[in-house]
Amino acid sequence: MTRAVALIDGNSFYCSCERVFDPKLDRVPVVVLSNNDGCAIARTSEAKALGIKMGTPYFQIREMCRSQGVRVFSSNYTLYGDMSRRTNEVYRGFAPRVEIYSIDESFLDLSDVREGERVELARDLRATVRAWTGIPTCVGIGPTKTLAKLANHIAKSVPELGGVCDLTDDAASAYWLCRVHVGEVWGIGRASLAKLEAMGVDSVADLRDLDPRPVRKAMTVVGERLIYELRGLPCLPFEALPATRKGCAVTRSFSSRITDRARLEEAVSAHCTRLGEKLRREGLGTDHVTVFYHTSEHDRGEPMRSISTTVRLPEASNDTLTLIKAARHGVARTWLDQRDPPWRYSKAGVITVDLVPLAMSQRALIGQLDRERSGPLMAAMDACNARFGRGAVVPARAGLVAKRDWSTKFEMRSPRYTTQVGELPVAVA
DNA sequence: TCTGGGGTCCTAGGACCC
DNA sequence: TCTGGGGTCCTAGGACCC
């Protein structure tokens, strides 16, 4: 039995999530914005047709959106995350192993499905996901992940295929790889594309047929693997079990510039609060916190100032109060008294790497008392926030996040239809 | 004039992804 | 006025060790 893997993803996923709960959005251009309503990160086909590109700053297209009737939304990650969970539940009914690759993409192991039945299964899967969650999808099938990704791209861009493309079929593979540009291959970015074009590569087939050795020289082992994957030799394993994360970061741009230390400390403390939540949810801890803050590269005429400092903790922890204390120390020891005109900081964040399962890192005795207090306190805080919504209980130093003038903008966010009782959609019968 | 060799660990930076 | 956030992997080069 040959290996076969499918990649299924939601079409314009964030936009589709908005459409599920508002039928008036059907056939209308829809755009979803990044944090702070900064730039466009999801567009329906109607919005793409208007020339709205991925990553376009919103202020550049605001007028056009208004005049063209584009419906614009702030990101609603609570909603999108829940819809993602629902689609994956459907996938699990169709394949013995599912690898969740991103919020809107999953690999399915179809190795046990007979060759002639894969496309039919994929069509059934699409129809079921659509019926049960409302999300439209496309499916690409291939002998390797790279070919499945490519098949998915083809399924999306060639409407006649009905949303499914199967590259485990040799004839289909031979046909399509000559007709797709190499820049569409998963893992080929700007830098690699320039190198490949210099080598005379144009189509995916050109890359597939290249001698792997010089490619390894130019593009490291990553480029070499790509060639084998395109030839149908799997180099990227199927990973049904989610790997434990290696790092964790919480970073945000401010909705307006910050010039005073108290505000910065407040923001950094709020980020630490979130960081602690993420670490505790996964039972991980860290023995250091890196704090950074910087001015904006878009503020022309102002000199750029960028600060980053790492504060060690006496032992690994995921206690919010410990993280806040460390991060504030990081600010304190790097803060420069304001000059005239003042530095206008645009973004700050807290970062940790080398996360450890907390049970493993507990060195006996030292800090034991603090830990005994911190565990129940953090657990109580997490429980309150789970019940009453994030931010219901926060350390005083993190400030009342939602009320701060620097906090993230979400001026056009839709209701969290599926996760907040108070925001359920209302049906009038 | 000649100036070991190999291994590990760490970090910074590049590249890419969604 | 207004330009996202959060990850992963790989390599080169330095420090250090025997």
Side-chain angles (χ1 to χ4, degrees), chain A residues 7 9-14 31-43 52-65 72-77 80-81 84 99-107 145-146 149 152-153 183-196 215-226 235-237 239 242-257 271 274-275 278-279 282 284 288 290 292 294-300 308 310 344 346-355 405 407-412:
Chain A
L7 179 75
D9 76 341
N11 304 342
S12 313
F13 182 67
Y14 296 170
V31 164
V32 173
L33 302 176
S34 64
N35 270 339
N36 260 325
D37 297 340
C39 43
I41 54 169
R43 309 99 73 222
I52 299 172
K53 300 258 185 321
M54 184 75 170
T56 308
Y58 179 49
F59 73 89
Q60 290 177 2
I61 54 172
R62 183 178 301 148
E63 273 318 306
M64 190 266 275
C65 286
V72 180
F73 292 88
S74 305
S75 299
N76 187 343
Y77 291 112
Y80 310 150
S84 172
E99 174 185 336
I100 299 174
Y101 176 69
S102 75
I103 193 165
D104 76 319
E105 288 172 271
S106 292
F107 288 103
K145 284 180 163 181
T146 303
K149 271 287 260 190
N152 178 278
H153 165 77
E184 304 298 341
V185 173
W186 187 36
I188 301 291
R190 246 214 324 250
S192 301
L193 184 59
K195 288 175 192 164
L196 289 172
V215 173
R216 180 173 183 138
K217 268 226 159 19
M219 296 165 56
T220 81
V221 67
V222 178
E224 186 183 21
R225 278 201 292 249
L226 238 37
C235 301
L236 306 172
E239 295 176 279
T244 51
R245 70 158 83 229
K246 301 189 162 61
C248 191
V250 178
T251 71
R252 293 282 182 284
S253 299
F254 307 126
S255 56
S256 56
R257 304 281 188 256
H271 297 347
R274 183 82 191 100
L275 181 69
K278 287 165 81 173
L279 294 179
E282 298 178 36
L284 298 169
H288 67 275
T290 298
F292 77 82
H294 59 69
T295 59
S296 172
E297 56 202 19
H298 301 294
D299 288 350
R300 303 239 177 122
S308 172
T310 299
R344 301 167 66 242
S346 66
K347 183 173 179 176
V350 290
I351 302 172
T352 68
V353 291
D354 298 329
L355 302 178
D405 56 4
S407 60
T408 308
K409 258 197 307 195
F410 290 101
E411 288 175 351
M412 296 162 283

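Every chain is numbered from 1 and lettered A, B, ... according to where its sequence line falls, protein lines coming before strand lines.
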- Task: Starting from P on C:dG5, measure out to OH on A:Tyr14 and report it in whole angstrom.
- Result: 13 Å

- Query: Expressed in angstrom and rounded to an integer, what is the separation of A:Asp37 atom CG from C:dT1 atom C1'?
  - Reply: 14 Å

- Message: Using 30° and 60° as the class boundaries, would you call the ring planes of A:His294 and A:Phe292 parallel, tilted or perpendicular?
- Response: parallel

- Message: Just the rounded figure in Å: distance from C1' of C:dG7 to CD1 of A:Ile100.
- Response: 16 Å

- A:Lys246 side chain N/O closer than 4.0 Å to the phosphate oxygens (OP1, OP2) of C:dC9? yes

- Message: Regarding A:Gly247, tell me which of base, sugar-phosphate or nothing describes its non-hydrogen contacts under 4.0 Å with the strands shown.
- Response: sugar-phosphate

- Query: A:Val250 or A:Ser255: which one's nearest nucleotide on DNA chain C is closer to the 5' end?
  - Reply: A:Ser255

- Item | Reported CD-to-CG distance for the pair A:Glu105 and A:Asn152, which is rounded to 0.5 angstrom | 7.0 Å

- Message: Measure CG/A:Asn35 against C1'/C:dG4 and give the value in whole Å, please.
- Response: 6 Å

- Determine whether A:Met64 and A:Ile52 make a side-chain contact, defined as any pair of heavy atoms from C-beta on separated by less than 4.5 Å. yes

- Item | A:Arg252 vs C:dG5: side-chain N/O to OP1/OP2 distance below 4.0 Å | no

- Query: Over how many whole Å does the gap from A:Lys278 atom NZ to C:dG7 atom C1' extend?
  - Reply: 9 Å

- Task: Could you tell me the separation between the CE atom of A:Met54 and the P atom of C:dT3, rounded to a whole number of Å?
- Result: 17 Å

- So which of A:His288, A:Lys278, A:Lys246 actually passes side chain to side chain contact (heavy atoms under 4.5 Å, CB included) with A:Thr352? A:His288

- Item | Main-chain N/O of A:His298 paired with A:Ser296 side-chain donor or acceptor, under 3.5 Å | yes

- Message: Any side-chain N or O of A:Arg225 below 4.0 angstrom from OP1/OP2 of C:dC10?
- Response: yes

- Query: Between the side chain of A:Asn36 and the main-chain N/O of A:Lys409, is any donor-acceptor distance below 3.5 Å?
  - Reply: yes

- Distance-minimising heavy-atom pair for A:Thr408 and A:Ser253: OG1-O, 4.2 Å

- Message: Quick check: do A:Arg216 and A:Val221 have side-chain heavy atoms less than 4.5 Å from each other?
- Response: yes

- Answer yes or no: does a side-chain N or O of A:Ser75 lie under 4.0 Å from OP1 or OP2 of C:dG4? no

- Query: Dot-bracket, DNA chain B: Watson-Crick or G-U, under 3.5 angstrom, [ ] crossing, | other strand?
  - Reply: ....||||||||||||||

- Query: Tell me, do A:Met219 and A:Leu196 make a side-chain contact under 4.5 Å, heavy atoms counted?
  - Reply: yes

- Message: From NZ of A:Lys409 over to P of C:dC2, roughly how many Å is that when rounded to an integer?
- Response: 9 Å

- Determine the interatomic distance between C1' on B:dC17 and the same-named atom on C:dG4; round to the nearest Å. 15 Å

- Query: When the ring planes of A:Tyr80 and A:Tyr14 are compared, do they come out parallel, tilted or perpendicular, using 30° and 60° as the limits?
  - Reply: parallel

- Under 4.0 angstrom, heavy atoms only, what part of the nucleic acid is A:Arg274 near: base, sugar-phosphate, or nothing? nothing

- Message: So, does A:Thr251 get its side chain near the phosphate of C:dG6, meaning an N or O under 4.0 Å from OP1 or OP2?
- Response: yes

- Task: Report the distance from atom CD1 of A:Ile41 to atom C1' of C:dG6, rounded to the nearest whole Å.
- Result: 12 Å

- Going 5' to 3' through nucleotides 12-18 of chain B, assign each nucleotide B (protein heavy atom under 4.0 Å from a base atom), S (under 4.0 Å only from sugar-phosphate atoms) or - (no protein heavy atom that close). ---SSSS

